[in-house]
Number of protein chains: 2
Amino acid sequence: MDSKQQILLRSNEAKEIYLPHISADPVIFGFENNGLKVLMLQTNYRQKWLLPGGYVRKDEDLDDAVVRILKDRAGISDAYMEEFGVFGKKDRSEFFFEDFDETLFHKQRFISIGYLALYNPSNTILVKDDISNACDWIFLDELDNIDIAMDHREIIEKALLTLREKISIKPIGYNLLPEKFTLSELQKLYETILGKELNRGNFYRKIKNLGILKKLDERRRGGAHKAPDLYSFDEQNYNKALENGLNNW
Amino acid sequence: MDSKQQILLRSNEAKEIYLPHISADPVIFGFENNGLKVLMLQTNYRQKWLLPGGYVRKDEDLDDAVVRILKDRAGISDAYMEEFGVFGKKDRSEFFFEDFDETLFHKQRFISIGYLALYNPSNTILVKDDISNACDWIFLDELDNIDIAMDHREIIEKALLTLREKISIKPIGYNLLPEKFTLSELQKLYETILGKELNRGNFYRKIKNLGILKKLDERRRGGAHKAPDLYSFDEQNYNKALENGLNNW
DNA sequence: CCAAAAGTGTTTGTATTACACCCATGT
DNA sequence: ACATGGGTGTAATACAAACACTTTTGG
C-alpha cells in the first residue's frame with residue numbers, strides 16, 4: 001500500500017472519530033549534547049517534516065487529546081505541557097494535500113492549537129508510525145536545512161519565543177534533563193534557551209538559593225578531569241517555584 | 001418571535017457560514033471610574049450573562065473573525081487583542097442549550113479560543129443585538145452577583161491573570177484610557193490591574209523615565225482643587241516599549 | 001485657606017553583574 | 001601537573017520601596 005492510499009484509509013476513520021477543523025500541534029523540546037532539539041516526523045507522502053500533531057476525539061477533552069497525541073505519535077508520556085498559541089489562517093494547511101480531493105479529512109481547513117512540551121530525548125524510544133518514514137529529534141540550528149510543511153516552522157518559532165519568556169518566570173529543567181545531572185549541564189541548558197552566556201559563579205549561587213536542587217552523593221566519573229557532583233531536582237521545592245514564579249535571569 | 005425561535009433561525013444560518021465546533025470568546029476589559037470592567041451580554045434566552053463570543057466563517061482567518069466579532073457584537077474596533085487561552089473541555093458548552101435538540105448549531109461541542117481585549121468604555125455605544133436583552137460593562141467586583149453561563153467566569157479569570165502578568169512586561173493604558181488623562185488616572189489603572197497600591201512619587205518617576213508619556217499644555221478644570229496636568233501617550237515610544245518590554249512593577 | 005497635584009530628595013535594602021581567588025580532585 | 005569543577009568574596013551598579021518635604025494652584 002502506498003502512502004496515498006494509506007492516507008485515504010485514515011481519512012475515513014478520522015471523519016468518524018475526530019472533530020473536524022481542529023488540530024493540535026505539540027512542539028516538543030529536548031536537550032541533548034548541549035543543544036536544544038525539536039521532535040519531528042517526516043511523512044511518507046511528500047517527504048516533508050511535520051510536528052507530531054493530531055486531532056481531538058469527539059468525546060474527549062482537549063487536554064486529554066494532547067496527552068494522547070504525544071503518547072501515540074511520539075511515545076512520550078508525562079511531559080510538561082502548555083498551550084502557547086493558536087494558528088488559524090485560512091490557507092495554512094489545506095494546500096499540503098493538494099493531490100487529494102476535497103473529501104479528504106486531512107484536507108479540511110484546520111485551526112491548530114500549539115502546545116509547548118518539554119522532554120528528555122534520552123527517555124524516548126522513537127517510533128515512526130505508518131504514515132511517517134522518520135521520527136527524529138532535530139537540533140534547532142538544523143531546522144533551516146530540512147523541508148518543513150505548512151506553517152510548522154512558524155509554529156516552532158513562536159514556541160521558542162514562549163519558552164524563552166517562560167524561563168525568566170518559571171524554573172525549567174525538570175522535564176528536559178535526566179534524573180541526575182551536573183550543574184554545568186543545567187547551566188548550559190539555561191544558556192541555550194536564553195541564547196546568551198551566564199556567569200558560572202552567579203549561576204551557581206542563584207540556582208542554589210532557589211532551593212530547587214538536591215545534591216546527590218554521587219559524581220559523574222570517567223571524564224577527563226575532576227568528577228563533577230550530580231544533582232537532581234527537589235520535587236517539592238521545584239513545584240513550589242513553578243507556582244510562585246521566579247525573578248529574572 | 002420569542003427567544004427560542006430566534007435561536008433556531010440563527011442556527012440554520014450558522015451551519016452554512018461558520019466552521020463547526022470552534023468559537024472565539026473575547027474578554028474585553030475597560031477602565032472607568034477607577035475600576036476595571038468587562039463587557040458582557042445577557043441573552044434573552046435564559047437571561048444569563050455571556051462573553052460577546054462568536055464563530056469563525058468558513059472562509060475567514062481566525063484573526064479576522066475575532067475583529068469581526070468584536071465589531072458586530074460589541075461595536076468595538078481597533079482594540080488591542082491577544083489570544084490567552086483555549087477552553088476545550090468536552091462538556092463546557094453543550095449544556096447551556098438543553099431545551100433544544102441536538103441539531104442546533106449552538107448546542108454542538110465547542111472549543112473556544114479566549115482573546116484578551118482592551119478598550120476604553122467611553123468610546124463605546126453599547127448595542128444589544130437581537131438575541132441579547134442587555135449589553136453592559138460589568139465591574140469586576142460585580143461579577144459575583146450576576147448569573148454567568150457555561151465556563152465564562154473561568155475564562156474571565158484566566159484573562160485577568162494574563163492581564164496581570166502582561167502589565168509587568170509591557171506598558172498598558174493606550175487602549176484603556178481616553179486620549180487625554182491625568183497621572184493619577186494612569187496610576188489608578190495600574191493599581192487596579194495589579195491589585196495593590198503604588199507609591200505616588202515612585203510611580204511618577206518610573207512612568208516618566210519610560211518616556212511613553214507626553215505632557216499636554218492643558219489641565220483638567222472643574223475639579224474641587226488644583227487642576228491636574230493632562231497627558232497622552234507618545235505613540236512612538238509607547239510602541240517601542242511594547243516591543244522591548246519593561247521591567248517589573 | 002485648603003486640599004489635591006506636581007515634583008524632588010533621601011535613605012535603606014536588595015539584586016545583579018563582573019571579576020577574582022582559593023580549594024578539590026581525577027586522570 | 002593541570003584542567004575542570006566547586007565554592008566564596010567583593011566592589012560597582014542599579015533599582016525598588018518607603019517616606020517626607022516643598023511648591024503650585026483652583027475653587
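In what follows, every heavy atom counts, from backbone to side chain, and hydrogens, waters and symmetry copies are set aside. Below, chains carry the letters A, B, ... as their sequence lines are ordered, and counting in each starts from 1.
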Listing time: all N or O pairs from protein to nucleotides 1-5 of chain D that are below 3.5 Å?
residue	atom	partner	partner atom	Å
D:dG5	N2	A:Lys226	NZ	3.4

* Are OP1 or OP2 of C:dG7 and a side-chain N or O of B:Lys215 less than 4.0 angstrom apart? -> yes
* Please check the phosphate of D:dG6 (OP1 and OP2 only) for any side-chain N or O of A:Tyr204 closer than 4.0 Å. => no
* **Centroid separation A:Tyr190 to A:Phe203 less than 6.0 Å** =>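 So the answer is yes for these two rings.
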Atom [atom1] of [X] to atom [atom2] of [N]: distance rounded to whole Å?
X	N	atom1	atom2	answer
B:Lys208	C:dG9	NZ	C1'	15 Å
A:Glu191	C:dT17	CD	C1'	15 Å
B:Ile207	C:dG7	CD1	P	14 Å
A:Arg220	C:dT27	CZ	P	14 Å
B:Leu213	C:dA6	CG	P	12 Å
A:Asn209	C:dT16	CG	C1'	13 Å
A:Arg219	D:dG6	CZ	P	8 Å
A:Leu183	D:dT8	CG	P	12 Å

* Asked: Of all residues at least two apart in sequence or in a different chain, which pass the salt bridge (Lys or Arg N to Asp or Glu O under 4.0 Å) check with B:Asp144?
  ->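 So B:Asp144 forms a salt bridge (Lys or Arg N to Asp or Glu O under 4.0 Å) with B:Arg153.
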* **Among D:dT8, D:dA17, D:dG27, the nucleotide that comes nearest once only the side chain of B:Asn202 is considered** =>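 When the side chain of B:Asn202 is considered, D:dA17 is the closest of D:dT8, D:dA17, D:dG27.
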* To do: In sequence, state the C-alpha distance, the side-chain angles, and the governing distance for A:Glu191 and A:Asn34, and then conclude on side chain to side chain donor-acceptor pair (under 3.5 Å).
  => CA-CA 9 Å; A:Glu191 288 178 339; A:Asn34 289 341; over 6 Å; no
* Asked: Side chains of A:Tyr80 and A:Lys166: do they bring a donor and an acceptor to under 3.5 Å?
  ->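 Yes, A:Lys166 and A:Tyr80 have a side-chain donor paired with an acceptor closer than 3.5 Å.
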* Return the minimal non-hydrogen interatomic distance between A:Ile69 and A:Pro26, and the atom names on each side. =>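 Closest approach of A:Ile69 to A:Pro26: CG2-CG, 4.4 Å.
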* **Whichever of A:Asn199 and B:Arg205 has its nearest DNA chain C nucleotide further upstream toward 5'** =>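 Nearest-nucleotide comparison on DNA chain C picks B:Arg205.
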* To do: Just say parallel, tilted or perpendicular for the rings of B:Tyr174 and B:Phe233, cut-offs at 30° and 60°.
  => perpendicular
* Asked: With A:Ser122, which residues qualify under side chain to side chain donor-acceptor pair (under 3.5 Å), at least two apart?
  ->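 With neighbours one apart ignored, the set is A:Asn120.
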